[in-house]
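Data block below; observations after.
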Protein chains: 2
Amino acid sequence: MNIGALAKRTGLTNSRIRFYERAGLLQTVDRRANGYRTYPPEAVLVLELITTAQQAGFSLDEIRKLLPPGLDRWDHATLIEALRRKVADIEALETRLKRSKAQLVALLADIEAKPDDIDCATNARRVLSHVLGDKIGSEEMLIGDGGLLAKTTRRRTVRAG
Amino acid sequence: MNIGALAKRTGLTNSRIRFYERAGLLQTVDRRANGYRTYPPEAVLVLELITTAQQAGFSLDEIRKLLPPGLDRWDHATLIEALRRKVADIEALETRLKRSKAQLVALLADIEAKPDDIDCATNARRVLSHVLGDKIGSEEMLIGDGGLLAKTTRRRTVRAG
DNA sequence: CGTAACCTTTGAGTTAAGTTTAAGGTCAAG
DNA sequence: CTTGACCTTAAACTTAACTCAAAGGTTACG
């Protein structure tokens, strides 16, 4: 199978497949006499594994460390470890999301609860003091990155290579 | 207030504050005769608003569009719209997270359910077919970025400016 | 033989949110 | 009058996961 065919099979771009090879993720590749890459059918599986793992939140770096052997011969213990860690990561993120959402919802309620007899500026100050109040009040709030991810704007320029 | 003092008050770095100004997020700044920036006390509030919004998942771009007027005089309707959208974003992400987590947990169970009388390679094939099976089986699976975020590896190089 | 559709490589560009560096002014204290 | 802490700018660097462009070789078809 040539790279173009593999790309069509997997829905990935040629450049992305080459990139994965360069990144050490796709080793099931050979060269024909003319220099063309040629792939065995399992390459489709490997690429699908990679994208599936990505969707589950694994970075390419993590995937590389888990994928290396020959599709069989996996490091059982390491793999399970990684999966468990990733589940824990997801749970942590879920917690953060829940908190952020609650804050936003509270903020919405607060803004809309404007008594209607006070002016906008006064309402703004009132809301503002609620939003920042809790934070400013506590001498030292718990540190931690926070920062949910603003991935609403994903690039994902879809265009075949 | 000089930039250093503001940085200390907010816990941000000098460079980050300058960056926010360059990005059009922090307009409450003046210059002394010597070129030094000087800030009014409200600058602390503005910066705290910015980081709070960031933690709620807003990108700097989104924040810029919501922040512009003079701390009061907010665009009520636009703001509420944005907040609602962000809540919806969070909910969508929560859904995706739930699905991914379920998949991972299922995968874990699958791996550990190895009958112990079959060899590792066979088990690997068995598990692999489960992981990819659903996907391969369906002619055309629902499209959509997926890609949870692998932000386990956050850079956040902590070093004062 | 031409040309279109493949394939190759290298190297640079993209995005977000900053940080780092280099080179240099300013200011307060001793 | 020098030292150290502070401030200034512009420009380059960082990370992840790719994409895009340029310049060129290969192959199948008519």
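First the proteins, then the strands, lettered A, B, ... as listed; each starts at 1.
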Quickly work out the A:Asn2 CG to C:dT8 C1' distance and round it to whole Å. 12 Å
With sequence neighbours left out, the residues meeting side chain to side chain donor-acceptor pair (under 3.5 Å) with B:Tyr39 are none
Between the first and last five pairs of the helix from C:dC1-D:dG30 to C:dG30-D:dC1, the angle of the axes, rounded to 10 degrees: 30°
How many Å lie between CD1 on B:Ile63 and P on C:dA17, as a whole number? 8 Å
Using whole Å, what does the distance between atom C1' of nucleotide C:dT9 and atom CG of A:Asn14 come to? 14 Å
Let's see if you can work this out: which of C:dT8, C:dG18, D:dC18 has an atom nearest to the side-chain heavy atoms of A:Ile3? C:dT8
For B:Arg9, all residues meeting salt bridge (Lys or Arg N to Asp or Glu O under 4.0 Å), sequence neighbours excluded: none
Listed by chain and number, what are the side chain to side chain donor-acceptor pair (under 3.5 Å) partners of B:Arg18, not counting sequence neighbours? none
The side chain of B:Ser59 lies closest to which of these nucleotides: C:dG18, C:dC7, C:dA17? C:dA17
Could you pull out all residues at least two apart from A:Glu91 that satisfy side-chain contact (heavy atoms from CB on, under 4.5 Å)? A:Val87, A:Glu94, B:Lys101
note: B:Glu21, atom CD; D:dA10, atom P; distance rounded to Å ~ 11 Å
Kindly write out the residues that satisfy side chain to side chain donor-acceptor pair (under 3.5 Å) with B:Thr78, not counting sequence neighbours, or none if the list is empty. B:Asp75
Sorted by number, the residues of residues 29-39 of chain A with heavy-atom contact under 4.0 Å to DNA chain C: A:Arg31, A:Gly35, A:Tyr36, A:Arg37
B:Ser15, nearest nucleotide to its side chain (from C:dT8, C:dG18, C:dT20): C:dT20
Qualifying residues under side-chain contact (heavy atoms from CB on, under 4.5 Å), relative to A:Asp30, sequence neighbours excluded: A:Thr38
As a test of reading the structure: which of C:dT19, D:dT8, D:dA17 is closest to the side chain of B:Arg16, going by heavy atoms? C:dT19
Salt bridge or not for B:Arg85 and B:Asp89, using N-O below 4.0 Å? no
B:Arg32: partners by side chain to side chain donor-acceptor pair (under 3.5 Å), with sequence neighbours left out: B:Asn2
